[in-house]
**Q** 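Quick one: the structure is below, and I'll ask about it shortly.
Every chain is numbered from 1, with letters handed out A, B, ... down the list of sequences.
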Amino acid sequence: MDKINILIIEDTPEEAMELQEVLVENNYNVVGVANSHQEAMVLFYQLKIDIVIIDVFLDGNPDGITFAETISTIPNALKPFVFLTSSKDRQIFERAKLTKPFSFLLKPFNELELLYALEIAMEKFYGQSNVFSSESQDTIISDDYLFIKKKDVLNKVLLSDIVYIEVENRYCNIITEKERFVIQISLGKIGEFLDAKTFVQTHRKYIVNINAIEKIVLNDNLLLLKGNLKATFSGKYKDIVKGFNILK
Amino acid sequence: MYLIRSVFFLFIFNLPFCVLSQSGSKIDDLSIVLKRINDKYEKEKDFDKSQYFFLNKNWDSTLVYSSRALDQVKDLELLDYCHYMRGYSFMMKKLFNEAKKEYGLVSQDFRFYYKITRNLGGIALEQDKYDEAISYFNELEKLSNDDDYDFVRSTVIHDLGLCYFHLSQFDEAEKYLLRSIRLQKNDTLLLIGSYMDVANLYYEQYKDDVAIPYFEKAYSLAKKTKDFELRKNATLNMAVVEENRKNLLKSLAYRKEYEIWKDSLNDQNKVWAIAEIEKKHALERKQKQIGLLESENKIKISQRNGFVVSSILLLLLLGAGIYFYAQKSKTNKIILLQKEELDKLNATKNKLFSIVSHDLRSSVSAFRNSNYKLLKGITNRDYETLVPIVHKNASIATSTYNLLENLLHWATLQTHQLYFNMESIDLFSVVRQVEYDYMPLFENKKIHFENKIVKSIFVLVDMDSLKIIIRNLFDNAIKFSNEKDTVSVYTYSLNDDFQCLVIEDTGMGMNEETRKGLLREDAVLNKKKNQKGIGTGLGIQLCKSMIGKNKGKLTIESIEGLGTKMIITLQKNISNG
């Protein structure tokens, strides 16, 4: 699992510092702090970012919203973001509301409020609401990553790193070449958000990354995977073999 | 010879009469047909005009328009009618050859072809072509006796008789003329003509004894009529007869009478002319009078219109005046109401200001005093006393901060500047976030806090206002609890639509009066009595407003000395309920 990369856009150095400290304490990775709109644009394109925290007012102007509006208009560039603001001024909020989806955090805020705002931003951005506040789920699926909440903190796993997924009741074991861990997610959600061409069900319990298959042992119904991992496939899902060119 | 010549002279007078006399009945039937045809061919303007003039016996105009119509009309039936009208008009103008030509152009199928035969016969008679005339008349005689043919049969017979008379076939002539007399018993004018012709017939044959009674009959009948022409002829005939009988005195008398009729005919023509002129004058005078009356009417109408317009304008003005007056009094009423409301609000605001500033003053002065103590403790190096003082300072700062926070929210709420966004919120997360800030306060007062809310209870609220509500209720719970009391938060489902969030303390509680006072809609801010801590009642007011804005409800259950339950009823988020 990897840390989430955060870009902070905040013009007051103390506040930026405080924010950074809280985030780092909670195992987030602050990749950059920008204190103006221009700097923010530069960093936004330079760095690999998962989420942006934006102060609405930069040097007294609502440049934070301008930034959000700008990245909203660029296709594929948009990332989840959280607005920071000290007043619930209606005019500002009406404008911010236009840059959908958005989440906001009212100053002064405590640690829990910050973490909650980050979760809400993720949920809203990927259109999978009420995930992190529920008992039965802790994972959001994006195109490239799984975002997993572990003890109030979000982490991510690159989808292409996953070798296979083992389903067990309400839990799933995620197995990568390096590690294995348990997430909570419903099978329906996997079906809905995971790319069916890459992740294929081979067994009642197994979902395998097709790119990680190294060998198919038909006699034993066995799949040899990357990193010396193995998974079985059952007769019901035998069709998967047809997808491959069989050497004779 | 003289006699014959004079008789002959008379015939000429009789002829046109016979032909023309038919026109009356002839046109009646024809006119209906013409009108019908005209309706059928509405587009033919010229035909329309020519038939109109034809029916009004304006022969010249008929000729002009029918010649135009002939150029345009293609329909065979219409063409026949045109030719017929032209022929008839020519005949009436005594242009017999032209008339014959036009009649010749009418096709044999023409509905009124028998009329043409009749007219051709008449023309032949006029032109002294007696044999030809006889053949035409015989043709007509052959036609059935029905009413289908609307010409006066007796006139045909009469004309036939005349023809034979002119051809000196007296027997034939006598036969027809007597027959026509029998047929004409009801028509005096025709009868007189026939009598005279019969008389002439006999007279020509020197049958004077038979002839003279006819002449006398004609004369006596003519006397009763108003037709001067007939009377003149009848008288002249009598004069000639008497002259031939050498009865010169009588003859002279008839001659004189004849002269009178001749003159009277002329006089009548003159009288008619004068009458015509007078009529014209009278008409002009009438026209002038009409013109005058019309102009008077115009003036009257314009006067009346002017009156109507001005009265309408006045009415409108009156209406507008009343309307504006009503509007004004309405706005006045509204302004008055608004003023009262404003006064009330202003009073509230003033009271709030005085209370808030008083509270702030007392809390800041407490701050100053404790700071003074702190400073003294530091100077005396009495470090043990410092810790409680710092804690006290912190709590004063917190409560002051809360007061200011509430004031700010209250202000934004009052000025409608608060951004409000209701969405699905997990109650557990929200309470946990607020709780995080309050843990030190609970611990400070050694209050046991329990969050019994389970995850995934979603309600539809604006999150920040819910936080403000919970904060205030926590504040109150702490304020009205003693050490080692318990504050707990839990939820329960009221029904399918509402979820209740309860903040319960085991503190001092309140009496019924206070409870009702807190929940009253128009509760005015009151300085709380018997309270050491600061408090304005602003917090609970803010809570009530915020809950109301979240479409929720606040209820309070309390037993004095045992504790209080603050129950917030909120909308469930149906989709994620």
Side-chain angles (χ1 to χ4, degrees), chain A residues 22 25-26 56 62 65 82-125 127-138 149 151-154 170 184 186, chain B residues 397-398 401-402 404-405 407-441 451 453-468 470-471 474 542 546 549 572-577:
Chain A
V22 176
E25 243 171 61
N26 282 289
V56 168
I65 295 178
V82 177
F83 282 125
L84 270 183
T85 174
S86 54
S87 89
K88 270 192 106 177
D89 188 296
R90 189 149 71 167
Q91 279 167 331
I92 290 298
F93 268 80
E94 291 297 343
R95 201 179 145 196
K97 211 169 85 172
L98 299 176
T99 61
K100 273 182 174 178
F102 86 115
S103 147
F104 57 85
L105 187 55
L106 212 56
K107 292 188 212 173
F109 51 87
N110 63 38
E111 196 178 320
L112 287 182
E113 284 171 320
L114 172 64
L115 300 180
Y116 181 74
L118 291 174
E119 289 169 21
I120 292 294
M122 281 290 190
E123 284 183 359
K124 280 189 179 174
F125 187 82
Q128 299 164 45
S129 56
N130 301 338
V131 169
F132 296 129
S133 46
S134 86
E135 290 274 20
S136 56
Q137 296 183 60
D138 63 4
K149 182 179 174 184
K151 289 176 191 167
D152 289 337
V153 179
L154 297 184
R170 281 163 54 207
Q184 280 182 300
S186 69
Chain B
T398 312
Y401 174 79
N402 284 343
L404 287 174
E405 174 98 340
L407 200 60
L408 174 73
H409 289 307
W410 189 76
T412 50
L413 198 68
Q414 292 293 311
T415 51
H416 304 287
Q417 276 297 309
L418 188 74
Y419 176 79
F420 208 80
N421 180 37
M422 283 173 79
E423 53 190 348
S424 170
I425 297 292
D426 174 41
L427 274 178
F428 175 78
S429 307
V430 178
V431 172
R432 215 160 72 98
Q433 286 168 46
V434 180
E435 170 195 326
Y436 186 87
D437 287 328
Y438 277 82
M439 280 326 277
L441 298 177
N451 183 355
I453 301 174
V454 291
K455 273 188 163 188
S456 296
I457 290 170
F458 293 99
V459 287
L460 198 64
V461 289
D462 171 67
M463 189 173 75
D464 288 298
S465 60
L466 182 62
K467 279 183 185 169
I468 293 165
I470 296 172
R471 265 183 220 133
F474 277 179
L542 190 65
M546 292 279 195
K549 223 162 177 273
K572 279 183 182 176
N573 185 23
I574 306 298
S575 56
N576 290 299

**Q** Hey, could you give me the CD1/CD1 distance between B:Ile425 and A:Ile120, rounded to the nearest 0.5 Å?
**A**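 Between atom CD1 of B:Ile425 and atom CD1 of A:Ile120 there are 6.0 Å.
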
**Q** Are B:Tyr419 and A:Glu94 close enough that a side-chain donor and a side-chain acceptor fall under 3.5 Å?
**A**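 No.
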
**Q** Say you draw a straight line from OG of B:Ser424 to CG of A:Asn130; how long is it, rounded to the nearest 0.5 Å?
**A**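 Answer for the OG-CG pair, B:Ser424 versus A:Asn130, is 4.5 Å.
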
**Q** Would you say the side chain of B:Ser429 lies within less than 4.5 Å of the side chain of A:Phe132, judging by non-hydrogen atoms?
**A**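 A:Phe132 vs B:Ser429: side chains apart.
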
**Q** Measure the CG-OG distance between B:Leu408 and A:Ser86 for me, rounded to the nearest 0.5 Å.
**A** 9.5 Å

**Q** Quick check against the 3.5 Å criterion: does A:Asn110 have a side-chain atom that pairs as donor or acceptor with the backbone of B:Gln433?
**A** yes

**Q** Atom CD1 in B:Ile457, atom OG in A:Ser133: separation rounded to 0.5 Å?
**A**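 B:Ile457 CD1 to A:Ser133 OG: 11.0 Å, rounded to 0.5 Å.
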
**Q** How long is the span from the CZ atom in B:Phe428 to the CD atom in A:Glu135, to the nearest 0.5 Å?
**A** 8.0 Å

**Q** Answer with side chain, backbone, both or neither: which region of A:Glu111 has an atom nearer than 4.5 Å to a non-hydrogen atom of chain B?
**A** both

**Q** Could you have a look at B:Glu423, B:Lys455, B:His409 and say which one has the most heavy-atom pairs with chain A under 4.5 angstrom?
**A** B:Lys455

**Q** Locate the shortest heavy-atom distance separating A:Ser134 from B:Ser456; write the atom from each residue and the value.
**A**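 Looks like CA-OG, 2.8 Å.
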
**Q** Look at A:Gln91, A:Lys97, A:Glu113 and state which one has the largest set of heavy-atom pairs under 4.5 Å with chain B.
**A** A:Glu113

**Q** Can you tell me how far apart CE (B:Met463) and OH (A:Tyr116) are? Round to the nearest 0.5 Å.
**A**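 Reported value, rounded in 0.5 Å steps: 5.5 Å.
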
**Q** Heavy-atom distance under 4.5 Å to chain B: side chain of A:Phe104, backbone, both or neither?
**A** side chain

**Q** Answer yes or no: is there a side-chain heavy-atom contact under 4.5 Å between B:Phe458 and A:Ser129?
**A**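 B:Phe458 does not reach A:Ser129 side chain to side chain.
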
**Q** Does any backbone or side-chain atom of B:Glu435 lie under 4.5 Å from a heavy atom of chain A? Answer side chain, backbone, both or neither.
**A** neither

